[in-house]
Protein chains: 2
Amino acid sequence: MTGLRERKKQRTREALIRAAIELFIERGYEQTTVDEIAAAVDVSQRTFFRYFATKEDVAFALHDMIEQRFFAAVREQPPGVPPSQAMRIAIESTWNGIGASIEDTVPVRVYMRMWQTIEQTPALVAVLLRRSIDSSERLAAEIARREGVDLETDPRPRVVVAAYTGVMQAAARHWGTNAEVTVDAARERTMAYLDQLGPSLSEDWGTGRKD
Amino acid sequence: MTGLRERKKQRTREALIRAAIELFIERGYEQTTVDEIAAAVDVSQRTFFRYFATKEDVAFALHDMIEQRFFAAVREQPPGVPPSQAMRIAIESTWNGIGASIEDTVPVRVYMRMWQTIEQTPALVAVLLRRSIDSSERLAAEIARREGVDLETDPRPRVVVAAYTGVMQAAARHWGTNAEVTVDAARERTMAYLDQLGPSLSEDWGTGRKD
DNA sequence: AAGCTAATGTCAGCAGCTGACAAATGACAA
DNA sequence: TTGTCATTTGTCAGCTGCTGACATTAGCTT
């Protein structure tokens, strides 16, 4: 189907991802040199940087694949489903299909461990959040399209998206710092947090306030 | 009052901040080398790194001062004020007192321009967001304390904070990319976004949806 | 004035990343 | 099959952010 050249490139790319993630998990992101990753795949350092613009990029390769699925899930929601619900459903379905997204490259357990490595590495957390801005913008555009409102004049698309991604990030942070997380646990935690969004904004939390 | 040594250090520090920010605004963050900043203050590069651990840190020096004020404003809110309202008030009051926070070091207009530089520099955006995680955590702790709930078992403190900071970041992003922003405009934009939080989460946006 | 300590300078070196050019390796046609 | 062409890879040299080690300077103390 595709030429030998294409396939070879694809293989090199996946090999770099696997080698990098293995090393990152094993000895930490900052403790791993690009030279080491390149050496593990028997490729020059310069070649690594031709596949990935930065060392960070290879750390997010799996994440990128999964995110693609999420967007597809949002687009699949029939019109009429309100924004917050569409996002909720897409989030849940992405969690459920996470295996299908990456299993060709790496088992899911490896992804979960890489995720923890990300959460525990400040430099990677920074990059993660930066990337989520771009995603948020794209997502807001999709919501605006669905609802037939103008993204430039109506703040609501960006606001819902901001609130949701903010809450999701908080959830991810929470389970990302615990030991040995399963997909199920992560999904549950995420959904639980989302369910709290409405109640948390209400005036009265209805608990014994100490004043 | 304080020794000559102390004062000299303080002066060096402020000189570095001023020089750095001037250069960042003028020719961009990435286009400015640490050597240039150090040279502008007539100090060795090594000395720069003794004042600021990273080049990024000096870019956020002003931001840090203002954030301190924000936390003070939150703590000043009397008990009984619900979390979302306390945050709202503190945000507004921080905007109003922004001059008092930094005017000793740099005029407010310079801060606004530096802010735009940050927003337009992906690497700095990343750092900004990473820092906001730490702030969020501290803020959630403060909210939990005010409301007398347990931060570890009750997700609501982190969820409100996440929603609020998510929305604020979206607002900042919006005005941070426009040309020549005033404090007033920025504050208005921020508050407008926050006001949309509730409505945006409601099921029906009540607009002509095209389906 | 002498001695102590904190701040600064100098230098050497590592890691991430890039440009330039040469070498190797698939693709494709004669 | 071979020769040409385009793409990919390797090599090398160099810049920038950042750090450790050690020498030097400058403020503080008695």
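Just so you know, these numbers come straight off a predicted model, no measurement behind them. Proteins come first, then strands; the chains are lettered A, B, ... in the order of their sequence lines, and each starts at number 1. Atoms considered below: every heavy atom in the structure, side chains included; atoms not considered: hydrogens, waters and symmetry mates.
A cation-pi contact, defined as under 6.0 Å to the ring centre and within 45° of the axis, links A:R138 to A:F71. A cation-pi contact, defined as under 6.0 Å to the ring centre and within 45° of the axis, links A:K55 to A:Y29.
Here D:dG17 presents its C1' atom at 14 Å from CG of B:L124, a figure rounded to the nearest Å. One atom, CZ of A:R27, and another, C1' of C:dA15, lie 15 Å apart when rounded to the nearest Å. Rounding to whole angstrom units, NZ of residue A:K9 and C1' of C:dG26 are separated by 12 Å. One atom, CG of A:D57, and another, P of C:dG16, lie 14 Å apart when rounded to the nearest Å. Look at OH on A:Y29: it is 9 Å from C1' on C:dG16, rounded to the nearest Å. When rounded to the nearest whole Å, the span between CD of B:Q10 and P of C:dA7 equals 13 Å. Atom P of nucleotide D:dT19 and atom CD of A:E30 are separated by 11 Å, given to the nearest angstrom.
Taking only side-chain nitrogens and oxygens, B:K8 comes nearer than 4.0 Å to OP1 or OP2 of D:dG27. Contact between the side-chain N/O atoms of A:T47 and the OP1/OP2 oxygens of D:dT9 is not found at any separation under 4.0 Å.
For the residue pair A:S132/A:Q169, the side-chain donor-acceptor check at 3.5 Å is satisfied. Under the 3.5 Å distance criterion, with hydrogens and angles disregarded, a donor-acceptor pair is assigned to the side chains of A:E67 and A:S135.
For A:Q45, counting side-chain heavy atoms from C-beta on, the closest listed nucleotide (D:dT11, C:dC17, D:dG27) is C:dC17. Set against C:dG26, C:dG16, D:dG10, the side chain of A:F49 has C:dG16 as its closest nucleotide.
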Protein-nucleotides 19-22 of chain C N/O pairs under 3.5 Å:
from	atom 1	to	atom 2	distance (Å)
C:dG19	N7	A:R46	NE	3.4
C:dG19	N7	A:R46	NH2	2.8
C:dG19	O6	A:R46	NE	2.8

Within the sub-3.5 Å range, which N or O atoms of nucleotides 27-30 of chain C have a protein N or O partner, and how far apart are they?
from	atom 1	to	atom 2	distance (Å)
C:dA27	OP1	A:L4	N	3.0
C:dA27	OP1	A:R5	N	3.2

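Relative ring orientation between A:F60 and A:H63 is described as perpendicular, the plane-to-plane angle rising above 60° on a 0-90° scale split at 30° and 60°. Aromatic ring pairs are classed by plane angle as parallel below 30°, tilted from 30° to 60° and perpendicular above 60°; the pair B:W115 and B:Y111 is tilted.
The pair B:R145-B:E142 counts as a salt bridge, with a side-chain nitrogen and a carboxylate oxygen less than 4.0 angstrom apart. Between B:R158 and B:E152 there is a salt bridge, since a side-chain N of the basic residue sits under 4.0 Å from a carboxylate O of the acidic one.
Listed by residue number, the members of residues 31-42 of chain A with any heavy atom below 4.0 angstrom from DNA chain C are A:T32, A:T33, A:V34.
Here the shortest heavy-atom pairing between A:V127 and B:A126 reads N-CB, 4.3 Å.
The residue A:Y51 sits close only to the backbone: its heavy atoms come under 4.0 Å of sugar-phosphate atoms, none of a base.
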>> Pair A:E36, A:R27 - check salt bridge (Lys or Arg N to Asp or Glu O under 4.0 Å), show working.
In response: CA-CA 12 Å; A:E36 289 170 333; A:R27 78 178 71 160; 2.9 Å; yes
> Please walk me through it: do A:R131 and A:D134 pass salt bridge (Lys or Arg N to Asp or Glu O under 4.0 Å)?
Replying inline: CA-CA 5 Å; A:R131 284 165 165 253; A:D134 303 337; over 6 Å; no
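Residues A:M87 and A:I143 are in side-chain contact: their nearest non-hydrogen atoms beyond the backbone lie under 4.5 Å apart.
In terms of position along DNA chain C, the nucleotide closest to B:F48 lies nearer the 5' end than the nucleotide closest to the other residue of the pair A:F48 and B:F48.
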